[in-house]
**Q** 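Handing you a structure now.
Below, read A as the first sequence line, B as the second, and so on, with proteins coming before strands; counting in each chain starts at 1.
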There are 2 protein chains.
Amino acid sequence: MSGPSRPTIYAVAKVAGVSISSVSRALNGNTSNLDMVARVKAAAEQVGYVPSAVAQSLTTQQTGQVAFAMEDIGNAAYLAMVREIQPRLREVGYRLLLHATGADVQDEIEVVESLAQKYVDGLILCPIRVTSRHIAALRDPAVPVVVIGQLPDEVAVDNVRTDSRLGARLAVEHLHAGGARRIAFVNGPADTIPGQARYAGYQDGLRTCGLGLDDTLVEFADFQVGAGRDAAARLLARSDLDAIFGANDLIALGAMHALRSAGRSIPDDVQVVGMDDTTLAETSFPPLTSVSLGSRERGRIAADMLLGRLRAEANVPQRVTVAPSLTVRESTREVTG
Amino acid sequence: MSGPSRPTIYAVAKVAGVSISSVSRALNGNTSNLDMVARVKAAAEQVGYVPSAVAQSLTTQQTGQVAFAMEDIGNAAYLAMVREIQPRLREVGYRLLLHATGADVQDEIEVVESLAQKYVDGLILCPIRVTSRHIAALRDPAVPVVVIGQLPDEVAVDNVRTDSRLGARLAVEHLHAGGARRIAFVNGPADTIPGQARYAGYQDGLRTCGLGLDDTLVEFADFQVGAGRDAAARLLARSDLDAIFGANDLIALGAMHALRSAGRSIPDDVQVVGMDDTTLAETSFPPLTSVSLGSRERGRIAADMLLGRLRAEANVPQRVTVAPSLTVRESTREVTG
DNA sequence: TTGAAAGCGGTACCAC
DNA sequence: GTGGTACCGCTTTCAA
């Protein structure tokens, strides 16, 4: 016995002794007859009527839902975005739908293509990579899309980005200002957009500081603690160094573990800087200096951008860039003067 | 100019030269005429047809969506659940909708009541508290609900829980086995279900270990790092202690910070145990021994339970309890023998 | 097998 | 102001 089907608008109309049109109007505030409104509301209350979201969607052509798609909600940067996005959507009555694509490009593209099913009114997408198929799917999305991340200029889509290359440079310059001269870099995978940008920024920083690039000071790792620790251990084994820049906070945290195991003190012997400025950076010991790429802010902006697009159509694509900034904590030396 | 409205099933029917009934059948595999199927699919492809999820929902009375409601996705325990739930749902074609209630009981109840709108096929709910209004709302939910957490026996709802009281006792016993005799406890807020259960478990542990309850060894804090640190600092200032049990990993992490600031070594001077066994426990220094309450497993079970309910209705409510377990790391002393 | 038509549960236009 | 009705886009029953 499937549950008793909920009362529909017809039940309310019957009890109130009016037409369904009147019920609809009364409940949606499209009538001036207060008496009617009262009668209908009483009837609705009596039968326990709640309008069907699906039926409303079919007629209004709006779902009241927005999707957020990223690689993995476990990633602190995306988590930070969700925490900004969800309340904003909720505030104006939108529900949030979560897509974790698991770094699968195919999945990511399917998400965009599935938009044609119209189960959401809009999408915020964080692509890990941008392929030609992405671009094709993004050419004429069924609903408004906001992309968080780098995007070729020719793609006409709302876009909020950051400059992780500049962020990496800031990290190096900060370490240099703190007295470091042999600044190691534990990068993420070299074949990813973030990996490439951060590596370029690392080199930028060395250059502006008048330091040369020393390949023995560079290592690669997954964006994970364990990998960061191992990579840092390799660096310590082969090179003299007085600072480590980790391509994200997890890597930097791993590096701190390696340093501690090697008996090096932080920041006196070796300074450490991470990237993403996640809560991990605050809670680590010592608290980790980290380059903020404004995840929260990007999430907030993306949400606002999408909501704006949802209420007013047909505008030129927007693009906002959030500047990276340094959050100095105790894993680096104070710069005096 | 609002975007060109997508082609409907009528467009396909027209191109294929058949009725919409046939299109529907062909696309849903409810026909044996292979020729028809081919023709329809070709036509669909040609016009770029994608069925409307909303229209399908209206006729099938199913949305293909499931909601997960918890306090805050930023909480590592809930995060762990989401990461288990989402892939499971996705695998069988369900989309995940996220509700963060922000510890607002009112919001939580509204989530349950909003189920009558039928925008999802089911709900997984993690209540922070269970009020009489919860119980009332849960009495006859519009769609199947699975509750993760404690629930009065009289509430006939699918339920997966853990035994955090037993978990707390395990923590105390482990510390005692490691040689601790003055075991402090930094609890969460006393007026929450988790707070009460853990406090009871703490006392259970003391009892089984033959230790007396000493109020000066008990402090309260939010479930946050900063609060945990401050609470631990208060304890250190007034009491002699050789172990600290934090009611969750964040509190325990805060306690470790306080200990470090006070110059106490971990675990030699003071052992520390946390609870929830989050990734923070793995990445802290030293890695934190923590009581696992099986968040991932509970998430997995809840998802499976809901999916089961979604395919076969009308069964008695299920209840599963996940046993807590201890994950021993380096913040406590090895127990030999 | 295939098509016509009746809903699914609402909204909104259009007469009255 | 109010009710009748077409329609949103699809699934499914029922005849032919």
**Q** Could you tell me the separation between the CG atom of B:Leu293 and the OG atom of B:Ser164, rounded to the nearest 0.5 Å?
**A**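 These two atoms lie 6.0 Å from each other.
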**Q** So, OP1 or OP2 of C:dG10: does either fall under 4.0 Å of a side-chain N or O from A:Thr59?
**A**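 Result: no.
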**Q** Quick one: is D:dG9 close enough that its OP1 or OP2 comes under 4.0 Å of any side-chain N or O from B:Gln56?
**A**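 The answer is no; no side-chain N or O of B:Gln56 sits under 4.0 Å from OP1 or OP2.
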**Q** May I have the distance from B:Asp35 (atom CG) to C:dT2 (atom P), rounded to whole angstrom?
**A**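 Nearest whole value for this atom pair: 8 Å.
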**Q** Heavy atoms under 4.0 Å, any strand shown: does A:Ser32 hit a base, just sugar-phosphate, or nothing?
**A**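 Sugar-phosphate, backbone atoms only, no base.
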**Q** Using heavy-atom distances to pick each residue's nearest nucleotide on DNA chain D, tell me which of A:Tyr10 and A:Asn33 is more 5'.
**A**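 Nearest nucleotide further toward 5': that of A:Asn33.
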**Q** Does A:Thr162 offer a backbone N or O that forms a donor-acceptor pair with the side chain of A:Thr321 under 3.5 Å?
**A**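 No, because the side chain of A:Thr321 does not come within donor-acceptor range (under 3.5 Å) of the backbone of A:Thr162.
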**Q** Please report, rounded to the nearest Å, how far the C1' atom of C:dG10 is from the CG atom of A:Leu27.
**A**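 It works out to 11 Å between those atoms.
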**Q** Can you find a side chain N or O atom of B:Ser52 that sits less than 4.0 Å from OP1 or OP2 on D:dC10?
**A**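 So the side chain of B:Ser52 is outside the cut-off, no N or O lying under 4.0 Å from OP1 or OP2 of D:dC10.
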**Q** Taking for each residue the nucleotide of DNA chain C with the nearest heavy atom, is it A:Pro51 or B:Thr31 whose nucleotide lies nearer the 5' end?
**A**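 With A:Pro51 and B:Thr31 compared, the 5'-side residue is B:Thr31.
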**Q** Is any side-chain N or O of A:Ser24 closer than 4.0 Å to OP1 or OP2 of C:dT11?
**A**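 Answer yes for this pair, as a side-chain N or O of A:Ser24 is under 4.0 Å from OP1 or OP2.
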**Q** Measure CD1/B:Ile9 against C1'/C:dT2 and give the value in whole Å, please.
**A**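 In whole Å, C:dT2 C1' and B:Ile9 CD1 are 14 Å from each other.
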**Q** Look at atom CZ of A:Arg319 and say whether more than 12 heavy atoms of other residues, nucleotides or ligands are closer to it than 6.0 Å.
**A**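 Atom CZ in A:Arg319 is crowded, with more than 12 foreign heavy atoms closer than 6.0 Å.
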**Q** When you get a sec, tell me which of C:dG3, C:dT11, D:dG9 is the closest nucleotide to the side chain of B:Arg25?
**A**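 Given the options C:dG3, C:dT11, D:dG9, the side chain of B:Arg25 is closest to C:dG3.
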**Q** Indicate yes or no for a side-chain donor-acceptor contact from B:Ser57 to the backbone of B:Gln62 under 3.5 Å, with no hydrogens or angles considered.
**A**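 Yes: the side chain of B:Ser57 pairs with the backbone of B:Gln62.
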**Q** Could you give the CD-to-C1' distance, from B:Gln62 to C:dG9, as a whole number of Å?
**A**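 For the pair B:Gln62 CD and C:dG9 C1', the rounded distance is 17 Å.
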**Q** If I take atom CD1 from residue B:Ile193 and atom CD1 from residue B:Ile128, how far apart are they, to the nearest 0.5 angstrom?
**A**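 Reported value, rounded in 0.5 Å steps: 9.5 Å.
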**Q** When the nearest nucleotide of DNA chain D is assigned to B:Ser21 and to B:Leu58 on a heavy-atom basis, which residue is associated with the more 5' position?
**A**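 Per heavy-atom nearest nucleotide, the more 5' residue is B:Leu58.
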**Q** Which nucleotide in the set D:dG1, C:dT11, C:dG9 lies at the smallest distance from any side-chain heavy atom of B:Gln61?
**A**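 The nucleotide sitting nearest to the side chain is C:dG9.
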**Q** Between D:dT5, C:dG3, D:dG3, which nucleotide has the shortest distance from any of its atoms to the side chain of A:Ile20?
**A**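 Side chain of A:Ile20 sits closest to D:dT5.
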**Q** A:Ser19 side chain N/O closer than 4.0 Å to the phosphate oxygens (OP1, OP2) of D:dG3?
**A**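 True: A:Ser19 side-chain N/O within range (under 4.0 Å) of D:dG3 OP1/OP2.
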**Q** Can you find a donor-acceptor pair, distance only, under 3.5 Å between A:Arg6 side chain and C:dG9 base?
**A**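 Counting by modelled atom types and ignoring angles, no donor-acceptor contact under 3.5 Å is found here.
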**Q** Over how many whole Å does the gap from A:Asn30 atom CG to D:dG3 atom P extend?
**A**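 After rounding, the reported distance stands at 15 Å.
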**Q** Check every atom of C:dT11, D:dG3, D:dT12 against the side chain of A:Thr60 and return the nucleotide holding the closest atom.
**A**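 Looking only at heavy atoms from C-beta outward on A:Thr60, the closest nucleotide is C:dT11.
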